[in-house]
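First the proteins, then the strands, lettered A, B, ... as listed; each starts at 1.
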2 protein chains.
Amino acid sequence: MQTKECPEDICDQLCEHPQLICITKKEAIADDDAQQVAEIFKLLGDTTRVKILQLLSRRELCVCDIAAVIEMGQSAVSHQLRLLRNARLVRYRREGKMAWYSLDDEHVRSLLSQGIDHIKHR
Amino acid sequence: MQTKECPEDICDQLCEHPQLICITKKEAIADDDAQQVAEIFKLLGDTTRVKILQLLSRRELCVCDIAAVIEMGQSAVSHQLRLLRNARLVRYRREGKMAWYSLDDEHVRSLLSQGIDHIKHR
DNA sequence: ACAACATATGAATATATGTTCATATGTTAA
DNA sequence: TTAACATATGAACATATATTCATATGTTGT
């Protein structure tokens, strides 16, 4: 982001419009923020993870039940759960041999349901 | 999704809990829907595209100005704009040599700003 | 028609990502 | 302790994706 004043826009001949660029740069999201935002959406940007998160948004489930419902291998599910866990989108608790997972991020619940709404209405 | 009744849950010995799985399957998102939802989030799940969409959410811009602001090559920007265009997240109009792009999806504007909020508050 | 320009696009490349397989870890019941 | 089980994880593989380079397309002004 810039802090200096924007020069007059000499342009209309040039493709790059200095003043417009200058103003726009000030409003631009910081690199680091953009990366973090992308990181969250990337996690929501996979069919398997969408399915898992949608299930977990309704109820707590153990790994093998998730695998059974979405019809994928235990290992694949476990790998995906690790990504979601690391990003703190889901939490889990151990109960004996089993691990019960649930959604741990209300923002994500909301983003997900908006995403689902989005595809329903168009 | 299932339509048949759920059997009694015999479980607690088994890992897979038949009744729970059955109920959960009925609530699960359809494969095709999950894929479409993931598709949208996938588009939001890249740093470059987040930057582009955030700029376009504020004002219409031409390709080379976008490139100047986010400091990337014209070609890279153009390729990304094509993805966004194909998914109808952005629209563009021609004005002579230039192409002016703007955001074309209010859901996406909302998702994006929620995503940005999300990383700000935590 | 030609040169200069803005944008688009195909091909190539490097990197990231998702799934599978084999196996490790840790718990329970006998 | 051992067997059975639920889950986690490393390695390997196949596929997807983002960027760059070179070049094509289409417009404007001379």
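- If B:Trp100 and A:Arg94 are placed on DNA chain C by their nearest nucleotide, the residue sitting closer to the 5' end is B:Trp100.
- Whole-Å rounding puts the A:Arg82 CZ to D:dA11 C1' distance at 12 Å.
- The side chain to side chain contact (heavy atoms under 4.5 Å, CB included) with A:Ile52 is formed by just one residue from the set A:Thr48, A:Val50, A:Leu55; it is A:Thr48.
- Checked by atom type, the side-chain pair B:Gln36/B:Asp32 shows a donor-acceptor distance below 3.5 Å.
- For the pair B:Lys97 NZ and C:dA6 P, the computed distance is 6 Å after rounding to whole Å.
- Each of C:dT7, D:dA18, D:dT7 was ranked by its minimum atom distance to the side chain of B:Leu83; first place goes to D:dA18.
- At distances below 3.5 Å, not a single donor-acceptor pair connects side-chain atoms of A:Arg93 with backbone N or O atoms of A:Trp100.
- Between A:Arg85 atom CZ and D:dT7 atom P there is a gap of 12 Å when expressed in whole angstrom units.
- Rounding to whole angstrom units, CG of residue B:Leu61 and P of C:dT7 are separated by 11 Å.
- Atom P of nucleotide D:dT7 and atom OH of A:Tyr101 are separated by 9 Å, given to the nearest angstrom.
- Within residues 36-57 of chain A, no residue has any heavy atom under 4.0 Å from DNA chain D.
- When all heavy atoms are compared, the tightest approach of B:Met98 to B:Cys62 is SD-SG, 4.0 Å.
- For the pair B:Met98 CE and D:dT28 P, the computed distance is 10 Å after rounding to whole Å.
- For B:Arg59, the CZ atom is densely surrounded, since the number of other residues' heavy atoms within 6.0 Å is greater than 12.
- Side-chain to base pairing of A:Ser75 with D:dT7: no donor and acceptor N or O lie closer than 3.5 Å to each other.
- Put simply, the side chain of B:Gln74 and the base of C:dA6 share no donor and acceptor less than 3.5 Å apart.
- No N or O donor and acceptor, one from the side chain of A:His79 and one from the base of D:dT7, sit under 3.5 Å apart.
- Salt bridge absent: A:Lys51 and A:Glu71 never bring a charged side-chain N and a carboxylate O closer than 4.0 Å.
- In summary, A:Lys120 and B:Asp33 engage in a salt bridge, as defined by a charged side-chain N under 4.0 Å from a carboxylate O.
- Counting non-hydrogen atoms under 4.0 angstrom, A:Ala76 reaches a base of the nucleic acid.
- Counting only heavy atoms from C-beta on, B:Gln80 has its side chain closest to D:dT19 among D:dA6, D:dT19, D:dT9.
- What separates CZ of B:Arg93 from C1' of C:dA6 is a distance of 15 Å, to the nearest Å.
- Atom pair A:His17:NE2 and C:dC5:P shows a separation of 14 Å (rounding to whole Å applied).
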